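What follows is one structure encoded as C-alpha cells, with my remarks underneath.
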Number of protein chains: 2
Amino acid sequence: MRPLFHPALKDIKPEAILYALSDPERVAIFVKLAGANSGGTCSALADLGDRVIPKSSLSNHFKVLRESGLVLSERQGVEMRNQTRCTELDERFPGLIKAILTAYGQLPGQPKTD
Amino acid sequence: MRPLFHPALKDIKPEAILYALSDPERVAIFVKLAGANSGGTCSALADLGDRVIPKSSLSNHFKVLRESGLVLSERQGVEMRNQTRCTELDERFPGLIKAILTAYGQLPGQPKTD
DNA sequence: ATCAACAGTTCCGAATTTCCGAACTATGGA
DNA sequence: TCCATAGTTCGGAAATTCGGAACTGTTGAT
C-alpha cells in the first residue's frame with residue numbers, strides 16, 4: 001500500500017476543495033467527521049441512512065477528500081483515523097468551509113432555516 | 001434551439017454551484033462576468049490569455065453556469081447577454097460566492113495576498 | 001509461526017461524463 | 001435572398017467515476 005498523500009497547506013487548491021465538496025456523499029462524510037460523533041474511521045461513516053456506501057467507493061471518497069486537503073488520515077492499528085483540516089483551511093481560505101457547509105444547511109449546531 | 005433553462009432561486013443546489021466553480025476556466029469566465037468589463041457576450045469571454053476556449057466548450061461552460069444558477073443568459077439580437085446572479089445567490093447562500101472568489105484570489109478589487 | 005478476521009486499498013471493466021471539431025440554427029444586415 | 005456572425009447541438013474519442021473482487025497490512029488467537 002503506497003503511503004497516503006496529503007497536500008501541504010499552501011498547496012491546497014480551491015478547485016480541489018470545491019470539486020470534493022460538490023458531491024453530496026462526500027459532504028455527508030465530511031460533515032460527520034466535522035461533527036466527530038464517530039471515531040473518524042471509514043467504516044463508521046459508510047452508512048448514510050438511505051444507503052450504505054460500498055467500501056471501494058468510500059475509499060475513493062476519502063482519497064478525494066484527503067488529496068484535496070480537506071481531511072487528514074492516519075493509520076492507527078488496523079483502522080484509519082480521519083479528521084478534518086478545518087482550522088488550517090480557515091486560515092488559508094477564510095470563511096470558505098463555513099459558507100459551504102451553511103449552504104448545504106449542514107453547519108454543525110445550526111438548524112436548517114430552509 | 002431549445003429555450004435556455006434557468007433554475008428558480010429556491011431550486012438552486014449548492015452541489016451544482018460548487019461543481020460549476022470547481023473548474024478554473026468557468027471561474028475565470030464567471031469572474032470576468034462579475035467584473036462586467038466585457039459586454040457579457042460569450043465570445044468576449046473566450047480568451048483566457050493563455051488559451052482561447054473553443055466555442056463548443058464555451059457554450060458548454062455557459063450551460064453549466066446557467067443551469068447551476070450562477071448566470072443568467074438572454075438572447076439579444078444575434079448575441080447572448082450574460083450576467084451573474086450574485087445578488088440573488090447571496091440571499092440564498094449568504095457569503096458563499098464571495099468566499100469562493102476570495103479563495104481563488106479573484107474577488108474583484110481585492111489583490112492576492114498570497 | 002500460522003491462521004483467521006477485519007479495515008481499508010488497489011485493480012479493472014462497465015457506465016457515465018467531458019471535450020471539442022464539424023454541422024447546424026437563429027438573427028440581422030446588405 | 002444571401003451572407004456573416006453568435007451561439008447551440010451532434011457525435012465520437014478520451015478521461016473519469018463507480019463498485020465488485022482480489023489484495024495488503026495489522027491484530028489477536030491458537
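Computed over heavy atoms, backbone and side chain alike; hydrogens, waters and symmetry mates excluded. This is a predicted model, so every value here is computed, not measured.
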* Same cluster (ILVMFWY, side-chain, under 4.5 Å), B/Leu96 and B/Val64 ->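 No.
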
* To do: Determine whether B/Val27 and B/Val52 fall in the same hydrophobic cluster, where Ile, Leu, Val, Met, Phe, Trp and Tyr are linked whenever their side-chain heavy atoms lie under 4.5 Å apart.
  =>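 As far as the 4.5 Å side-chain criterion goes, B/Val52 and B/Val27 are not connected within one cluster.
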
Separation of [X] atom [atom1] from [N] atom [atom2], in whole Å?
| X | N | atom1 | atom2 | value |
| --- | --- | --- | --- | --- |
| A/Leu4 | D/dT26 | CG | P | 12 Å |
| B/Leu65 | C/dT18 | CG | P | 13 Å |
| A/Glu67 | C/dT10 | CD | C1' | 13 Å |
| A/Leu45 | C/dG8 | CG | C1' | 13 Å |
| B/His61 | C/dC20 | NE2 | C1' | 11 Å |
| B/Lys63 | C/dT18 | NZ | P | 10 Å |
| A/Asn60 | C/dA7 | CG | P | 19 Å |
| A/Asp23 | C/dT16 | CG | P | 16 Å |

* Asked: Below 4.0 angstrom from OP1 or OP2 of D/dT8, is there any side-chain N or O of B/Arg66?
  -> yes

* To do: Could you tell me whether the side chain of B/Ile17 reaches within less than 4.5 Å of the side chain of A/Leu18, counting heavy atoms only?
  => no

* Residue pairs passing the side-chain hydrogen bond (donor to acceptor under 3.5 Å, both in side chains) test where at least one lies in residues 11-20 of chain B, sequence neighbours excluded ->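 Matches after skipping sequence neighbours: none remain.
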
* To do: Give every residue pair that meets the side-chain hydrogen bond (donor to acceptor under 3.5 Å, both in side chains) criterion with at least one member in residues 56-66 of chain A, sequence neighbours excluded.
  =>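 The answer is A/Glu25-A/His61, A/Arg26-A/His61, A/Arg66-A/Ser73.
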
* Would you jot down, in residue-number order, the residues of residues 69-84 of chain B having a non-hydrogen atom under 4.0 Å from DNA chain D? =>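 Heavy-atom cutoff 4.0 Å gives B/Val78, B/Glu79, B/Met80.
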
* What are the residues of residues 51-58 of chain B, sorted by number, that bring a heavy atom to within less than 4.0 Å of DNA chain C? ->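 Correct list: B/Arg51, B/Pro54, B/Ser56, B/Ser57.
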
* Structure fact -> Shortest non-hydrogen pair, B/Asp23 vs B/Tyr104, comes out as N-OH, 4.4 Å

* To do: State which residues pass side-chain hydrogen bond (donor to acceptor under 3.5 Å, both in side chains) with B/Ser22; sequence neighbours excluded, sorted by chain then number.
  => none

* To do: Output the single nucleotide from C/dT9, D/dG7, C/dG8 whose closest atom is nearest the side chain of B/Ser43.
  =>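 Closest nucleotide among those given: D/dG7.
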
* Under the side-chain contact (heavy atoms from CB on, under 4.5 Å) test, residues paired with B/Val78 that sit two or more places apart -> none

* Asked: Roughly how far apart are A/Leu65 CG and A/Leu33 CG, rounded to 0.5 Å?
  -> 8.0 Å

